[in-house]
Amino acid sequence: MAPSGPTGAQPSPAEPLSRSIFRKFLLMLCSLLTSLYVFYCLAERCPPGSGPVAGVPGRGVPAGPRELAMWPAGAPRKRLLQLRQRRRRGRSGPGDSSDQDEQSPGLAAAPGGSGAGSSVAEAQPGTLALLLDEGSKQLPQAIIIGVKKGGTRALLEFLRVHPDVRAVGAEPHFFDRSYHKGLAWYRDLMPRTLEGQITMEKTPSYFVTREAPARISAMSKDTKLIVVVRDPVTRAISDYTQTLSKRPDIPSFESLTFRNRSAGLIDTSWSAIQIGLYAKHLEPWLRHFPLGQMLFVSGERLVSDPAGELRRVQDFLGLKRIITDKHFYFNQTKGFPCLKKAEGSGKPHCLGKTKGRAHPTIAREVLRQLRDFYRPFNRKFYQMTGRDFGWDG
């Protein structure tokens, strides 16, 4: 007969069953808590140095020294996206930033400048892209509509330094050449933006396209319009110089300028002359947009005082004044300002070699006749815009 008492007692079959259930309950609880923590971190509420995404400061295990140098602890998702976009654009070729209307490259870098190193998003293109909100493509809230050879490329590249500006590199030419493709096609050309960022594009030929004002107004009556203007005589010579670089066999500037040289009749059908009739081109725009929704930037001051003109542009766009004198230096060789640090790069950057070409020598009498021709148009333009650009001094 088996001994009785506590020392001889056998465990009941219910005891191990209870322990098994308890262990399963603990595992389920831990799994639930882990899942809650993951969602907590994805909502950007977890403390710096912890989280489910590796390699992103404030979202996972500590990042490498390069990322830590660029990203403060707990940096918002917006800054990570900007770094990813800059690295991605750095893989594009120089042709992406070419002026389609002017048929010449912009900055030697890609649309948003080039950058060194690799981004976290490139390391994990699938999962991380899903975890991060990459923003969305929006129709532009601001457009640089003109003018050709006025300084539009320089303005756009300077604006790209601002973290709240996202812009297309190549000129879309939607409202003059591709309107039949529809707004969905146009929107798809735009870069992704986050809340608080402005989407922009530039196509200088819009200013001289009669259908463009109505078409842009139909897209959005609130679109802000920027026009970079320059002394029409200098602009015409620059326009001719660009054409001459591609077609050395074209007639002289003087022969193209005059319909009748002896009578001094200017040929306004020549595009290089016709574009400079700013007052004429502005009239249809003012039928669709109030003057306060348009900003006229001086191409001359963009060279002599880029920070001053950029201050006006930033105020017009409702942006914080981030671009200042410290971003520029004057390149004596090219004769215009360059960026000390282009977007996504720590190196100085100037516009491409096609910018700043030497102009051919034009006879003083031809220049005088051109200035006399443009003077009444210039004065009317000053009255319409409320700004004297000083081209008739």
Side-chain angles (χ1 to χ4, degrees), residues 98-106 144-154 171 173 176-177 202-212 227-285 296 298-300 302-303 334-336 351-382 389-393:
S98 64
D99 287 359
Q100 292 181 5
D101 182 61
E102 300 182 1
Q103 298 296 318
S104 61
I144 301 175
I145 60 173
V147 300
K148 180 184 178 185
K149 307 308 296 179
T152 58
R153 171 58 59 184
E171 295 169 5
H173 284 280
D176 58 348
R177 302 178 189 171
K202 89 157 182 88
T203 304
S205 56
Y206 290 163
F207 188 62
V208 298
T209 301
R210 295 198 65 85
E211 298 84 5
V227 189
V228 187
V229 289
R230 182 183 182 187
D231 181 341
V233 176
T234 308
R235 197 221 66 81
I237 297 172
S238 180
D239 199 335
Y240 172 80
T241 303
Q242 177 177 280
T243 305
L244 183 65
S245 68
K246 297 175 176 61
R247 296 167 50 198
D249 59 337
I250 62 172
S252 67
F253 179 83
E254 289 85 345
S255 61
L256 291 171
T257 296
F258 296 97
R259 180 178 299 172
N260 186 317
R261 181 70 177 89
S262 58
L265 295 177
I266 305 295
D267 187 357
T268 56
S269 65
W270 183 31
S271 64
I273 297 295
Q274 200 262 349
I275 290 174
L277 304 175
Y278 303 143
K280 174 185 175 183
H281 300 304
L282 179 57
E283 289 176 352
W285 290 96
F296 300 90
S298 167
E300 287 82 11
L302 202 57
V303 173
K334 285 185 169 291
F336 50 71
L351 293 175
K353 62 182 181 180
T354 59
K355 305 298 181 181
R357 298 184 185 94
H359 290 179
T361 301
I362 308 297
R364 289 186 178 181
E365 179 61 20
V366 173
L367 296 177
R368 184 193 64 77
Q369 288 178 288
L370 272 176
R371 295 200 181 282
D372 290 343
F373 167 76
Y374 277 120
R375 186 170 290 109
F377 295 99
N378 290 344
R379 289 177 178 173
K380 184 177 181 181
F381 183 66
Y382 300 163
F389 290 88
W391 298 325
D392 304 311

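Residue Tyr278 is tested with Phe377, Phe296, Trp391, Trp285 for a ring-ring contact (aromatic ring centres under 6.0 Å, His included); the sole match is Trp391.
Checking side-chain atoms of Ser238 against main-chain N and O of Thr234 turns up no donor-acceptor pair under 3.5 Å. With Thr203 contributing its side chain and Tyr206 its backbone, the two residues share no donor-acceptor pair below 3.5 Å. Of the possible donor and acceptor atoms, none in the side chain of Arg230 sits under 3.5 Å from a partner among the backbone N and O of Ala236. Using a distance-only test at 3.5 Å, with no hydrogens or angles considered, a donor-acceptor pair links the side chain of Glu300 to the main chain of Asp231. Put simply, the side chain of Thr152 never gets that close to the backbone of Lys148: no donor and acceptor are under 3.5 Å apart. Under a 3.5 Å cut-off, the side chain of His281 and the backbone N or O of Gln274 do form a donor-acceptor pair.
To the nearest 0.5 Å, atoms CZ (Arg371) and CZ (Arg364) are separated by 12.0 Å. Within the model, atoms CD1 of Ile266 and CG of Leu256 stand 12.0 Å from one another, a figure rounded to the nearest 0.5 Å. The structure places CG of Leu244 at 9.0 Å from CG of Asp249, a figure rounded to the nearest 0.5 Å. The distance from the CZ atom of Arg379 to the CZ atom of Arg375 is 6.0 Å, given to the nearest 0.5 Å. Between atom NE2 of residue His359 and atom CG of residue Asp239 there is a gap of 10.0 Å, rounded to the nearest 0.5 Å.
Closest heavy-atom contact between Ile237 and Pro360: CG2-CD, 4.3 Å. The shortest heavy-atom contact between Leu302 and Ala154 is CD2-CB, 4.4 Å.
For Phe258, there are no ring-ring contact (aromatic ring centres under 6.0 Å, His included) partners at least two apart in sequence or on another chain. Applying the ring-ring contact (aromatic ring centres under 6.0 Å, His included) criterion to Tyr374, with sequence neighbours excluded, gives no partner residue.
In summary, Glu283 and Lys380 engage in a salt bridge, as defined by a charged side-chain N under 4.0 Å from a carboxylate O.
A 4.5 Å side-chain heavy-atom check between Thr257 and Phe373 finds every atom pair outside the cut-off. Looking only at side-chain heavy atoms (C-beta outward), Asp176 and Val208 stay at 4.5 Å or farther from each other. Residues Val229 and Arg235 have side chains not in contact (no heavy-atom distance under 4.5 Å, counting atoms from C-beta outward). Side chains of Phe389 and Asn378 form no contact here, defined as non-hydrogen atoms less than 4.5 Å apart. At least one side-chain heavy atom of Arg261 sits less than 4.5 Å from a side-chain heavy atom of Gln369. For the pair Tyr382 and Asp392, the minimum side-chain heavy-atom distance is below 4.5 Å. In this structure, Asp267 and Ile273 have side chains that are not in contact, with every pair of non-hydrogen atoms separated by 4.5 Å or more.
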Using the rule given for side-chain contact (heavy atoms from CB on, under 4.5 Å), can you reason through Leu282 versus Phe207, listing the C-alpha separation, both sets of side-chain angles and the distance that settles it, and then say yes or no? CA-CA 8 Å; Leu282 179 57; Phe207 188 62; 4.2 Å; yes
